[in-house]
Structures are given as C-alpha cells and as structure tokens.
Amino acid sequence: MSTTLSRTQLTSFLACQRQFHLRFQQRLPWPQQPLEEKVEANLSLGQTFHQLLERHFLGLEVDAEAMAHPRLRSWWLAFRQFAPSLPNGRFLPELTLTTPLLHTSKGSYLLNGRFDLLIVGTDSQATPFAHLFDWKTGRPRPESSLRQDWQTRLYLAMLAESSRAILNAPAPLPPDQIAITYWYVSEPDTPRTLPYSAAQHAQNWADLQAIATQIDATSDWPLTDDLALCQQCPYQAFCGRQTAVFPPPEPPEEDDYFPDWLPLEPIAP
Ligand code: SF4
C-alpha cells in the first residue's frame, strides 16, 4: 500500500486526524459550502491566470479572449511589468512531482506537489541551482508566514530530495542552491524570495517523516479539540459535533482550486 501526502493532506492530518481519516482514507464526500459569487469568480480568474502563465512559459500564444477581462488583463500587465527576475535555465511550468518519503512494514509514503514554475540551471559560477516560482492572486502574506506554510516546507523539501533526478546530476543539490519565490498580483514589485538551507531541510524532512510515522501508527484517529475547526467541517454528524454552526467559509487560495484529490493507493491500470 502506498499513501500520498500533499499539502492539503498534511494540513488536514495536523488539524484533525479524524478528518484526515474520513476524507482521505475512507474517501467520504467532502461537500464544499457554496462560495459567494464574487469569491467563486475570483477563484476562476486565478485559475485562468495560472493557465495563462503556463502557456506563456511554454512559449505558446497568450489567450486573447482571456485578456478581455479587465482584472485578468491588469494582472497580466502587472506580470509583464514587474515579473520577478527569472534566472536563465530550463523552464518547467506546472510540474507535478512525487517524492518518496518513508517506507514501513505497512507500505510506502510519498510526497506530492505541483509547482507553478521550476527553473533549473547553473549560475554564473557554473553551480547548479533550482528555483521555484509560485503565482498568487489572493491576499499577500508576509515572508515569516510563508516560511512556516506547508506549501513552502513541502515543496522545498521535495525539491531537495528529488534534485538529483530532476537535474540528472551525480549528487543532490545542496539545499542552499534551492529557493522559492512567491509573486502576488496585488504587490507585483515585492516578490517574496525564501532561500533554503541544510538546517531547514533537515528539520523539514524530519518533520515530514514524523508525520508519516504517526499516520502509520495511528488506528483510532482522534477528534480535534479545536471546536472552531468543527464549525467549518462537513463531518460533524460523524463525530457527534453537529451542534456547531457554519460560519461563511474561508475562501480557498487559487492553488486549492486545482484538483487536489489524490489516491492513497495507486489505481490499478
Ligand atoms: S467534525 Fe471536528 S472532529 Fe469531526 S472530523 Fe470534522 S474537524 Fe474533526
């Protein structure tokens, strides 16, 4: 048996083990509350913007019809004017990566992530590097918050562990040759670049392995103590917490707009 862990699954497990079990192992339907029309429209635009940048980095023509939308056009113009400095190298837009994490007597644990853009190459000193770029159309966040986010920790850790295969190199990249840049449409001249380090990677990898070990050892899937989380959870009836009320849902980030459901076991061909 193999279990694949994405950012969504990691955060779900850390928030409530029962929710992780019901949603990703029992595969109970996860009904999303309807979003406000405006929020839904913004998410759709965010998705279109990602597709637009993917086409751009693939060298394809940008969809002229998409440019008819004023907000999308303003995001595109902001990108054209203030795009973060991109290093020379091989451009890999919308790259999906799966990285082995842990193997136990019960099976394998894999990490999964999709990068908006990965650039790999060599710098002016002929030293190999890998740089991730992530496009954001949501509310900007400070570097300190992004540094703690599981997206950052997961993506950088996966890249460090998979760099040898990606670069077809004799050895993995040192973590300090890896970085991620977040670029926000609403603050286009202030990209957030987070460098990586060996110490950060050791910590991230140890934490990821500890989570997989905990999943491997868990059988009772305890309920969270955080009742505020239950208020937004569609599984209240399964947990006897149906007295909770549903406040308006937090709008997901545009990254969450993409299909994120991952099989916990490979589907046989
Ligand atoms: S209702 Fe609460 S305890 Fe039950 S799965 Fe959801 S978050 Fe966890």
Side-chain angles (χ1 to χ4, degrees), residues 6-12 15 19 23-24 28-84 93-96 112-118 132-143 145-146 149-152 154-155 180-192 228-236 244-262:
S6 70
R7 172 201 191 188
T8 302
Q9 287 154 336
L10 288 168
T11 50
S12 172
Q19 185 190 85
R23 183 176 178 187
F24 297 112
L28 294 187
W30 177 256
Q32 295 278 6
Q33 295 175 68
L35 297 170
E36 283 176 34
E37 204 173 308
K38 189 174 149 198
V39 175
E40 192 82 53
N42 277 342
L43 280 172
S44 177
L45 275 184
Q47 183 193 33
T48 306
F49 185 64
H50 278 73
Q51 290 167 346
L52 195 149
L53 289 190
E54 181 185 11
R55 288 182 64 83
H56 170 68
F57 287 115
L58 287 172
L60 301 172
E61 261 189 52
V62 168
D63 185 359
E65 201 177 309
M67 288 299 110
H69 194 288
R71 186 170 306 153
L72 202 53
R73 190 167 60 248
S74 74
W75 291 350
W76 172 247
L77 293 176
F79 178 78
R80 297 295 286 180
Q81 189 174 358
F82 297 109
E94 295 298 337
L95 177 74
T96 298
N112 181 278
R114 184 160 82 170
F115 307 150
D116 287 349
L117 175 65
L118 171 64
L132 286 169
F133 291 86
D134 197 88
W135 322 120
K136 295 288 189 197
T137 58
R139 190 182 310 143
R141 293 168 58 188
E143 284 187 8
S145 165
L146 291 168
D149 193 290
W150 271 109
Q151 179 181 6
T152 305
L154 175 68
Y155 285 12
I180 185 169
T181 294
Y182 291 95
W183 182 84
Y184 285 92
V185 291
S186 57
E187 293 183 1
D189 54 351
T190 317
R192 282 86 162 147
L229 187 65
C230 301
Q231 289 181 345
Q232 301 174 46
C233 180
Y235 298 150
Q236 293 175 13
V245 294
F246 283 97
E250 277 286 307
E253 290 198 41
E254 72 279 357
D255 294 336
D256 298 331
Y257 192 85
F258 295 105
D260 187 71
W261 185 86
L262 292 164

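- Considering CG of L95 and CZ of F115, their distance stands at 6.5 Å, rounded to 0.5 Å.
- Side-chain contact between Y184 and R141 is present, with at least one heavy-atom pair separated by less than 4.5 Å.
- Taking 4.5 Å as the limit, some side-chain heavy atom of R192 sits within range of a side-chain heavy atom of E187.
- Side chain of H56 to main chain of V62: no donor-acceptor pair is present (N/O by atom type, distance under 3.5 Å, no hydrogens or angles).
- Minimum interatomic distance between S6 and Q9 (heavy atoms only, all atoms of both residues): N-OE1, 2.9 Å.
- Remark: E61 does not engage R55 in a salt bridge, criterion side-chain N to carboxylate O under 4.0 Å.
- Interatomic distance, W30 CH2 to R23 CZ, rounded to the nearest 0.5 Å: 5.0 Å.
- Atom OG1 of T137 and atom CD of Q47 lie 10.5 Å apart (nearest 0.5 Å).
- Note that CG of L52 is 11.0 Å distant from NE2 of H50, once rounded to the nearest 0.5 Å.
- How far OG1 of T11 is from CD of Q151: 11.0 Å, rounded to the nearest 0.5 Å.
- Judged by distance alone, with hydrogens and angles left aside, the side-chain atoms of Y155 form a donor-acceptor pair with the main-chain N or O of R114 at under 3.5 Å.
- Here the side chains of P93 and L58 are in contact, with some heavy-atom distance below 4.5 Å.
- Aromatic ring centres of W76 and F49 lie farther apart than the 6.0 Å criterion allows.
- With a 4.5 Å cut-off on side-chain heavy atoms, L10 and L154 count as touching.
- Aromatic ring centres of F82 and W183 lie farther apart than the 6.0 Å criterion allows.
- Taking the side chain as every heavy atom from C-beta outward, V185 and K136 never approach each other to under 4.5 Å.
- Looking only at distances, no side-chain donor or acceptor of S12 sits under 3.5 Å from a matching main-chain atom of T8.
- Using a 4.5 Å cut-off on side-chain heavy atoms (C-beta onward), W135 and P84 make contact.
- Minimum heavy-atom separation, T152 to I180: CG2-CG2, 4.1 Å.
- Distance check: L118 CG to D134 CG gives 12.0 Å after rounding to the nearest 0.5 Å.
- Scanning for salt bridge (charged side-chain N to carboxylate O under 4.0 Å, His left out) contacts around E54 gives an empty result, with sequence neighbours left out.
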Please output the side-chain donor-acceptor pairs of residues 66-73 that fall under 3.5 Å, not counting sequence neighbours, one pair per line with the distance.
from : atom 1 : to  : atom 2 : distance (Å)
H69  : ND1    : R71 : N      : 3.2
R71  : NH1    : N42 : OD1    : 2.3
R73  : NH1    : M67 : O      : 2.7

